[in-house]
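The structure appears right after this line, and notes come after that.
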Amino acid sequence: MRDRVAAAVVGREHELDMLLAAVAAGRDVLLEGPPGTSKTTLLHAITDAWGIPLQFVEGNADLTPSRLIGHHNPARVLREDYSPDNFVAGPLIEAMRSGGFLYVEEFNRTPEDTVNTLLTAMAERRIAVPRVGIVAARPTFRVVASMNPYDNVGTTRLSTSVYDRLCRIAIGYQDDAAERAIVVRRTGIDSDRAIADAVALTRATREREDIWQGSSVRGAIDLVLLINQLAAIRDVVLPQADSVSPPRGLPESYTSIVLDAMHVALSGRIHLDETVDATPESVLHEIWQDHFLLEPAAAEPG
């Protein structure tokens, strides 16, 4: 089963082993890492291999206990009064009854009373629903939560009682080779040059001091797709050079397309430091210059 799961994920062997070990041991898990680091992909691969459902919910102020657990159908209540038959199960009850995974994204945005409801289900593996009765979880039921450690807007600090009930796995960005493989798989574009440039430019957004959070590999995926479409619109042939770095001898018609695509694909995905007096577009232009002008010049012989 481990091999089947690994076939659906690019890289992530270490994280996959830890996550599989945790859920196979019957533990609930907290995945902590920035967006676009394959957390959802890992869970889809595991639940598909096990043949169990994955119930997805997004943690936010609207995720109340009733939305998580479920509610009685108002129209049927008026006609028939309260009964278990007119109860509409929420994602938590669905996951418990089916033995699936409940995946709570942005866990640290979830209201405290909703988190407490989850803690009860995690600790007891059962929950009491008014006018329905006790709902017991099947053995494969797991709660898997995720959170972005770099995001502090609209988030709350999780209590020690929450951490005490979860196994924590830290997930970071993958290396450039893995990210190129992800972009190839998701886009199907056959230009090695465009894929190498898109991944290098996206990764550069994570290394600058004036950017407190850069783009995930999703930015590189969109960047390649936009480069491909702009090339078709402007009748530009994408370079087929195999070289990854540095990018030498590339036509201006191609590099200008990359810059335009960067502004669309990456400007909303980078978050500048509050002390920086610049726009996302100007910072991206500097990254573009470093990649296509400065790096090739610095790598010239002599």
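What you see below is based on every heavy atom in this structure, not just the backbone, and it leaves out hydrogens, waters and symmetry mates. Residues: numbered from 1 along the sequence shown.
The hydrophobic cluster around Ile233 extends to none of the other residues, as no ILVMFWY side-chain heavy atom falls under 4.5 Å of it. Members clustered with Val264: Leu226, by chain and number, using a 4.5 Å side-chain heavy-atom cutoff among hydrophobic residues. In this structure, Ile171 shares a hydrophobic cluster with Met1, Val5, Val9, Leu16, Met18, Leu19, Leu20, Val23, Val29, Leu31, Leu42, Leu43, Ile46, Trp50, Ile52, Leu54, Phe56, Phe101, Tyr103, Val144, Ile169, the cluster being traced through Ile, Leu, Val, Met, Phe, Trp and Tyr side chains under 4.5 angstrom apart.
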Hey, can you pull the donor-acceptor pairs under 3.5 Å for the side chains in residues 118-126, sequence neighbours left out?
| unit_1 | atom_1 | unit_2 | atom_2 | d |
| --- | --- | --- | --- | --- |
| Thr120 | OG1 | Asn116 | O | 3.2 |
| Arg125 | NH1 | Asp28 | OD2 | 2.8 |
| Arg125 | NH1 | Met122 | O | 2.9 |
| Arg125 | NH2 | Phe141 | O | 2.7 |

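Between the CG atom in Leu63 and the CD atom in Glu105 there is a gap of 12.0 Å [rounded to 0.5 Å]. Rounding to the nearest 0.5 angstrom, the gap separating the CG atom in Asp290 from the CD atom in Glu207 is 10.5 Å. A distance of 10.5 Å separates CD1 in Ile227 from CZ in Arg193, rounded to the nearest 0.5 Å. One distance of note links CG of Asp197 with CZ of Arg180; it measures 10.5 Å at 0.5 Å rounding.
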Report the C-alpha separation of Phe292 and Leu259 in whole Å, then their side-chain angles, then the decisive distance to 0.1 Å, and conclude whether the side chain to side chain contact (heavy atoms under 4.5 Å, CB included) test is met. CA-CA 10 Å; Phe292 285 113; Leu259 180 59; over 6 Å; no
Between His263 and Leu284, does the side chain to side chain contact (heavy atoms under 4.5 Å, CB included) criterion hold? Intermediate values first, please. CA-CA 7 Å; His263 288 165; Leu284 289 172; 4.3 Å; yes
How far apart are the C-alpha atoms of Thr114 and Thr117, what are their side-chain angles, what is the distance that settles it, and do they pass the side-chain hydrogen bond (donor to acceptor under 3.5 Å, both in side chains) test? CA-CA 5 Å; Thr114 307; Thr117 301; 5.9 Å; no
Between Ile69 and Phe87, does a side chain to side chain contact (heavy atoms under 4.5 Å, CB included) hold up when you go through it step by step? CA-CA 10 Å; Ile69 295 172; Phe87 177 73; 4.2 Å; yes
When you look at Asp164 and Thr160, which way does the side chain to side chain contact (heavy atoms under 4.5 Å, CB included) test go after all the steps? CA-CA 6 Å; Asp164 190 53; Thr160 55; 5.9 Å; no
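Checking side-chain atoms of Thr140 against main-chain N and O of Gly99 turns up a donor-acceptor pair under 3.5 Å. Looking at Ser191, its side chain does come within 3.5 Å of a backbone N or O of Pro239 through a donor-acceptor pair. Side chain of Thr202 to backbone of Val199: no donor-acceptor contact under 3.5 angstrom is found. No donor-acceptor distance shorter than 3.5 angstrom exists from the side chain of Ser267 to the backbone of Pro280, with no hydrogens or angles considered.
Applying the salt bridge (Lys or Arg N to Asp or Glu O under 4.0 Å) rule to Asp210 yields the partners Arg208; only residues at least two apart in sequence or on another chain are considered. In this view, Arg168 and Glu32 satisfy the salt bridge (Lys or Arg N to Asp or Glu O under 4.0 Å) rule, not counting sequence neighbours. Partners of Arg67 under the side chain to side chain donor-acceptor pair (under 3.5 Å) rule, at least two apart in sequence or in another chain, do not exist in this structure. Ser256 meets the side chain to side chain donor-acceptor pair (under 3.5 Å) test with no other residue; sequence neighbours excluded. Judged as a salt bridge (Lys or Arg N to Asp or Glu O under 4.0 Å), and not counting sequence neighbours, the contacts of Asp17 are Arg2. Taking Asp273 as the reference, nothing meets the salt bridge (Lys or Arg N to Asp or Glu O under 4.0 Å) condition, with sequence neighbours excluded. For Glu15, the side chain to side chain donor-acceptor pair (under 3.5 Å) partners are Arg12, not counting sequence neighbours.
For Ser216 against Tyr173, the heavy-atom pair with the smallest separation is CA-CE2, 3.9 Å. Scanning both residues, Ala61 and Pro111, for their nearest heavy atoms gives O-CG, 3.8 Å. In terms of heavy atoms, Val10 sits closest to Ala181 at CG1-CB, 3.7 Å. Of all heavy-atom pairs spanning Val57 and Pro91, the tightest one is CG1-CG, 3.3 Å. Across every non-hydrogen atom of Asn148 and Pro34, the tightest pair is OD1-CA, 3.7 Å.
Counting only residues at least two apart or on different chains, the side chain to side chain donor-acceptor pair (under 3.5 Å) pairs with a member in residues 221-234 are Asp222-Arg269, Arg234-Asp260.
Aromatic rings of Trp288 and His291 (six-membered ring for Trp) have centroids beyond the 6.0 Å cut-off, not under it.
In Asp62, the CG atom is crowded: over 12 heavy atoms of neighbouring residues, nucleotides or ligands sit closer than 6.0 Å.
In this structure, Ile189 and Val184 have side chains that are not in contact, with every pair of non-hydrogen atoms separated by 4.5 Å or more. Taking 4.5 Å as the limit, some side-chain heavy atom of Leu30 sits within range of a side-chain heavy atom of Met147.
None of Arg185, Arg218, Arg206 except one satisfies the salt bridge (charged side-chain N to carboxylate O under 4.0 Å, His left out) rule with Glu179; the exception is Arg206.
Between Glu94 and Arg138, none of the side-chain N atoms (NZ, or NE/NH1/NH2) sits under 4.0 Å from a carboxylate O, so this pair counts as no salt bridge.
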